[in-house]
Amino acid sequence: EGGLSKERKAALKSVRKEAGKKAQDLVGASEMGGQMFFCSSLEAPDGDHELMGEAMDAMNKDSNPALIERLGGAGEVAKMLFSAGVDRLAIRCHVPEDLTTQTNAKDWVAYVLDKIGVPGSIIGEANATHAVAEIPKNESQNAYPIKVKDTAMPLAMTYLRENKLIPEQAESSDVVYGDDDFPDDDDDDDD
């Protein structure tokens with residue numbers, strides 16, 4: 001990292017922190033409810049594939065229980081990450097080896113790309129444990145990355161439901177697709 005610009009170093013730090021915290025959320029949800037498959041969006045990578053790789057590494061990194069603010073530790077849960085940038089929606093999927101008997105990263109990502117309704121593609125070689133994809137901005141189809149993400153995440157969840165990897169929702173009003181659906185709780189108005 002020594003040869004990186006200040007901006008890139010700051011971006012890496014931000015990505016690792018956001019992803020590490022998100023990993024702890026997934027681990028907590030998994031431990032409480034037994035769910036092993038998740039979809040999540042990340043803002044800090046801004047659709048950058050290299051930063052999405054760093055995010056996945058940060059999420060899968062073993063957590064240090066001695067730290068006050070624990071990060072990472074989600075290597076044992078399957079996850080599909082989405083990050084909308086200006087030019088593309090970046091998608092990265094990880095399925096731990098021991099969960100590949102239930103589904104695999106390549107099929108999960110291929111399902112989303114097949115159902116999304118706008119052109120997208122797998123980047124590099126996808127396999128049972130790892131897949132990377134992108135859906136480029138397509139103005140002629142009104143396919144802007146942030147809007148495409150709002151369609152892609154529910155499709156990824158549908159795949160999980162269809163394969164009985166997450167529970168069916170009792171009512172559609174109970175469905176929560178990601179943390180983007182919640183207002184920012186950082187603003188405390190306790191005056």
Side-chain angles (χ1 to χ4, degrees), residues 11 15 18-19 22-23 25-26 29 35-56 59-60 74 77-96 99-184:
V15 164
E18 179 187 16
K22 199 82 53 127
D25 293 343
L26 300 185
Q35 186 172 324
M36 297 301 291
F37 295 85
F38 296 91
C39 297
S40 189
S41 67
L42 297 172
E43 301 219 1
D46 199 31
D48 181 302
H49 286 294
E50 182 182 343
L51 292 177
M52 286 287 280
E54 291 289 336
M56 188 65 80
M59 292 182 89
N60 290 341
V77 298
K79 58 205 143 304
M80 186 178 295
L81 305 178
F82 298 85
S83 181
V86 173
D87 296 322
R88 79 183 64 82
L89 174 66
I91 303 169
R92 188 167 288 257
C93 185
H94 169 255
V95 176
L99 295 177
T100 58
T101 57
Q102 297 175 58
T103 194
N104 69 69
K106 183 177 180 179
D107 290 348
W108 192 5
V109 169
Y111 176 93
V112 172
L113 293 176
D114 182 54
K115 302 286 185 188
I116 195 74
V118 293
S121 60
I122 289 180
I123 309 266
E125 187 176 327
N127 58 42
T129 60
H130 178 80
V132 176
E134 76 174 40
I135 301 170
K137 176 172 71 174
N138 186 326
E139 292 180 29
S140 67
Q141 290 186 307
N142 200 26
Y144 295 92
I146 193 76
K147 289 176 70 175
V148 173
K149 179 186 70 128
D150 291 343
T151 303
M153 286 184 71
L155 286 172
M157 296 297 286
T158 297
Y159 174 87
L160 296 175
R161 269 189 220 91
E162 286 177 358
N163 287 282
K164 300 187 182 350
L165 299 170
I166 59 173
E168 289 289 330
Q169 297 293 328
E171 297 179 27
S172 62
S173 62
D174 293 338
V175 177
V176 177
Y177 294 117
D179 41 24
D180 293 341
D181 297 321
F182 297 102
D184 186 10

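Please read these numbers as outputs of a predicted model, since none were measured by experiment. All residue numbers in this chain count up from 1 along the given sequence.
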With side chains defined as the heavy atoms from C-beta onward, is the minimum distance between [X] and [Y] less than 4.5 Å?
X    : Y    : value
L160 : W108 : yes
Y159 : K115 : no
N163 : F37  : no
Y111 : L113 : no
S83  : R92  : no
P96  : M36  : no
M80  : M153 : no

Under the 3.5 angstrom rule, does the side chain of [X] hit a backbone N or O of [Y] as a donor-acceptor pair?
X    : Y    : value
E134 : R88  : no
K79  : V77  : yes
N104 : K106 : yes

Where [X] and [Y] come nearest, the two heavy atoms and their spacing:
X    : Y    : result
C93  : M56  : C-CE, 4.0 Å
A105 : H130 : CB-N, 3.5 Å
V95  : A128 : CB-O, 3.7 Å
A143 : V118 : CB-CG1, 3.7 Å
P119 : P136 : O-CD, 3.5 Å
A90  : H49  : CB-CE1, 3.8 Å

Hey, what do you get for [atom1] ([X]) to [atom2] ([Y]), rounding to the nearest 0.5 Å?
X    : Y    : atom1 : atom2 : value
E43  : K22  : CD    : NZ    : 7.5 Å
I166 : T158 : CD1   : OG1   : 8.0 Å
I146 : T151 : CD1   : OG1   : 11.0 Å
K164 : T103 : NZ    : OG1   : 13.5 Å
E162 : L155 : CD    : CG    : 9.5 Å
L89  : D150 : CG    : CG    : 9.5 Å

Applying side-chain contact (heavy atoms from CB on, under 4.5 Å) between [X] and each of [options], report the one that passes.
X    : options         : answer
L165 : Q102, Q35, M157 : Q102
I123 : V132, I91, V109 : V132
L42  : V15, L51, L81   : L81

Neighbour count above 12 (heavy atom, 6.0 Å) for K137 NZ: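 Above 12, so yes.
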